K.L.:
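I have a structure I would like to understand better, so I am pasting it below and will then ask my questions one at a time.
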There are 2 protein chains.
Amino acid sequence: MSASTLSEVARLAGVSPATASRVLNGSARTPGPEIAERVRQAAASLSYVPNAQAQGLVKSKSGLIGLIVHDIADPYFSAIARGVQAAAREQGKMLLLATTNGTPAEECVAVAAFAARRADSIVIAGSRSIRPEDKNSNAELSAELDRYCRNGGRVGVMGHPVVGASAHECYHVVNVPNEELAAELVGKLAKIHSGTFLILGGPEGLLTSDDRIRGYQRGLKAAGLPPAEIVRTGFDRAGGYDAGLSLAKRILGGARHRHGVPQGAEARPCILAVNDVMAIGAVAALRSEGLRIPRDTLIAGFDDIETLRDFRPALSTVHLPLEDFGRLAALGGTSGGSADNEAEAGTTPAGRVMLRRSTETRALSQT
Amino acid sequence: MSASTLSEVARLAGVSPATASRVLNGSARTPGPEIAERVRQAAASLSYVPNAQAQGLVKSKSGLIGLIVHDIADPYFSAIARGVQAAAREQGKMLLLATTNGTPAEECVAVAAFAARRADSIVIAGSRSIRPEDKNSNAELSAELDRYCRNGGRVGVMGHPVVGASAHECYHVVNVPNEELAAELVGKLAKIHSGTFLILGGPEGLLTSDDRIRGYQRGLKAAGLPPAEIVRTGFDRAGGYDAGLSLAKRILGGARHRHGVPQGAEARPCILAVNDVMAIGAVAALRSEGLRIPRDTLIAGFDDIETLRDFRPALSTVHLPLEDFGRLAALGGTSGGSADNEAEAGTTPAGRVMLRRSTETRALSQT
DNA sequence: CTGTTAGCGCTTTCAC
DNA sequence: GTGAAAGCGCTAACAG
């Protein structure tokens, strides 16, 4: 017992499939006022559900928008996904989701799959990577994307253009001012913190991580401070934890000549993590080694992940309107509201530095 | 410049479209060894991408699996989504995502949309609701789902059967032992806590919430304790926060005759939240009112959300293998691995009670 | 093993 | 305003 078709509905209503189509799904030609009712009744009685695949086939578009993320369970990506989903709903489209673990190779197959499904547009949320080992995959990815674009697809990218892409006109990259905001964060921190800074970064070649690191260093320079040491680790909580463990040893070691714990502002470093989850991981590790935040170490993250908002000490970070980014990437140039949105990049919602407890320098006591 | 078609490839290779189809996409008949190469080359040179819509149309299946969640940015759902995504990948399918804010009405349109797209199966992750105002929507939802099933669709549901569904054979509900685990949690808590218990619940009629509440009460009874008072609020962080605010007043008020803060085990209630995010919200509110956990109030959650793992004090909760649940719901009876998985419900991965710092009764000091 | 012939379910000129 | 016919891109019988 398969789903009923348009022709069946038409037959039941005693009209041609063409007419049935016209009333059930919009058309330029408005069908007869009372014949329409007959069709609608027939459709209802047969509980007719139009076959989107067939519709898509003839119109050669699918009403699908594809989203590519590293990991949907990562709060950073799920926030973006929410925005993309909202945009999709506004346009009456559905969301196709692909996860890639951040590897360009898997991104490539995702794009191919989306292209095969004739997705109307695709959004790439994950950070681009230019690590040498990803070179080939990146080339394939950009080739796949360019082809998709040439065939009429639109692609929205967050943060960075796709490496090696050439069909620029159909890419819409939403600008994420990582470097500027990172610099700004450090600028504010430098005013209240007199000790050293230390950067907790992701693997080299991860563009988002690199941008933020560059911003941190730039901010330091602007404040008249020397560049900070960079500790490289995984771009996730686990990476932050691992790094936190070694850092704890260093901090404790460097202060061993005192009471086993460093004291005074001079001995207390400020860790600049390139994202919130790494910062949280580091905090967990530092604590497990007996250190306290912000007493023994200051720390700041990046992203302002919502689920982490009740974390204590409250994490200093850079708030990013992730959901809006997602919406923007999905909407692309499609925005038909206000007439003049020439300065596309200009309209992107900015982030905001949030200084909170984890970088408070006055309170030397408490957790 | 549109995408190239199979016929174009065939023509370029000098073969019939049928043959081209046979080599490019699997078929029973193995095509000629060297003619195959010609086709493959032609396909490559035209950068041919098969049209999944056309394929789906003729095979009347789409390779799509639909997932319905309340909110993809909620860590509970994003964990499930990861599991469903993994299952989809294993089966070579793609994931269609719909969000509904938990309203049966929107679930209904999502199901219709999935049906229209001829999704091979659909997974409903959100809690079912039997609130009176949802009655009509529920009826429509189950009608829509039953129709989808009758047309050959499979549906996986988490936790509870869809209210009013009748085509039972094509539903696969993955059993979430909410009540049992809730009772178990309380059982363990009752052994170490001698004060009162208080339940922080969601709106009445939300099945997941109701189950957990019932479990809590059952556990209390089993421990020889009276039923706990139930505070109803929203099933999310905001709900927890609001309730926490009023609870704080009560707790402080009840102890005002002492030092402004309750002291001793007797005065300290244990809050049983029906999920982690509510518990976290409540903790935030209690803290903002100057109360400390677990010194002044014990609290436990439910779900064991990963992103909350570094929260301090560590939250006592019930660990649920959310990702596995998602996988199971998506795989349904499709599992072809081991021969005898008769006791389907029996194989579902169980949850586990996790007693942590937030319900520690010995430490009366510290945050 | 390959090519020919029908459609899958729907939309859309084009006549009526 | 309505119907007839052609075809979207692909696969699945059939023949050859």
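Sequence lines set the chain letters: A, B, ... in the order given, protein chains first and strands last, and positions in each chain run from 1. Basis for what follows: all heavy atoms, side chains included, without hydrogens, waters or symmetry-related copies. Since the structure is predicted, the reported quantities are computational estimates derived from the model, not experimental observations.
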K.L.:
Does the side chain of B:S129 come under 3.5 Å of the side chain of B:D134 through a donor N or O and an acceptor N or O?
P.N.:
yes
K.L.:
Could you list the residues that satisfy salt bridge (Lys or Arg N to Asp or Glu O under 4.0 Å) with A:R38, not counting sequence neighbours?
P.N.:
none
K.L.:
Test side chain to side chain contact (heavy atoms under 4.5 Å, CB included) on B:R118 and A:V49; report intermediate values, then the result.
P.N.:
CA-CA 10 Å; B:R118 296 302 185 264; A:V49 178; 4.1 Å; yes
K.L.:
Calculate the interatomic distance between A:K59 atom NZ and D:dA6 atom P; express it in whole Å.
P.N.:
22 Å
K.L.:
What's the closest nucleotide to the side chain of A:I35 if the choices are D:dT2, C:dC10, D:dT11?
P.N.:
D:dT2
K.L.:
Take B:Y171 and B:D146 through the side chain to side chain contact (heavy atoms under 4.5 Å, CB included) test and state the conclusion after the steps.
P.N.:
CA-CA 9 Å; B:Y171 287 85; B:D146 277 349; 2.9 Å; yes
K.L.:
Applying a 4.0 Å non-hydrogen cut-off, can you work out what B:S60 is touching in the nucleic acid: base, sugar-phosphate, or nothing?
P.N.:
nothing
K.L.:
Hey, mind stepping through B:E106 and A:R89 against salt bridge (charged side-chain N to carboxylate O under 4.0 Å, His left out) and telling me if it holds?
P.N.:
CA-CA 11 Å; B:E106 294 191 57; A:R89 172 181 307 233; 2.4 Å; yes
K.L.:
Taking side chain to side chain contact (heavy atoms under 4.5 Å, CB included) as the test, write out the residues that go with B:E8, two or more places apart.
P.N.:
B:S4, B:T5, B:R11, B:L46
K.L.:
Tell me the interatomic distance from A:L46, atom CG, to C:dC10, atom C1', rounded to whole angstroms.
P.N.:
16 Å
K.L.:
Could you state the CG-P distance from B:L6 to C:dC8, rounded to the nearest angstrom?
P.N.:
19 Å
K.L.:
Side-chain contact test, heavy atoms from C-beta onward, threshold under 4.5 Å: evaluate it for B:V123 versus B:V69 and give yes or no.
P.N.:
no
K.L.:
In residues 50-58 of chain A, what residues come within less than 4.0 Å of DNA chain D, judged by heavy atoms?
P.N.:
A:L57, A:V58
K.L.:
Take the C1' atoms of the five end pairs on each side of the helix from C:dC1-D:dG16 to C:dC16-D:dG1, get both axes, and report the angle to 10 degrees.
P.N.:
40°
K.L.:
Under 4.0 Å between a side-chain nitrogen and a carboxylate oxygen: does that hold for B:R82 and A:D71?
P.N.:
yes
K.L.:
Salt bridge or not for A:D120 and A:R154, using N-O below 4.0 Å?
P.N.:
no
K.L.:
Between A:E140 and A:K135, does any NZ, NE, NH1 or NH2 come within less than 4.0 Å of an OD or OE carboxylate oxygen?
P.N.:
no
K.L.:
By a strict heavy-atom criterion of less than 4.0 Å, which residues belonging to residues 11-22 of chain A are in contact with DNA chain D?
P.N.:
A:V15, A:S16, A:A18, A:T19, A:R22
K.L.:
Over how many whole Å does the gap from A:E34 atom CD to D:dT2 atom C1' extend?
P.N.:
13 Å
K.L.:
So, using side chain to side chain contact (heavy atoms under 4.5 Å, CB included) as the criterion, who are the partners of A:S21 when residues are at least two apart?
P.N.:
A:L6, A:N25
K.L.:
Calculate the interatomic distance between A:K61 atom NZ and C:dT12 atom P; express it in whole Å.
P.N.:
10 Å
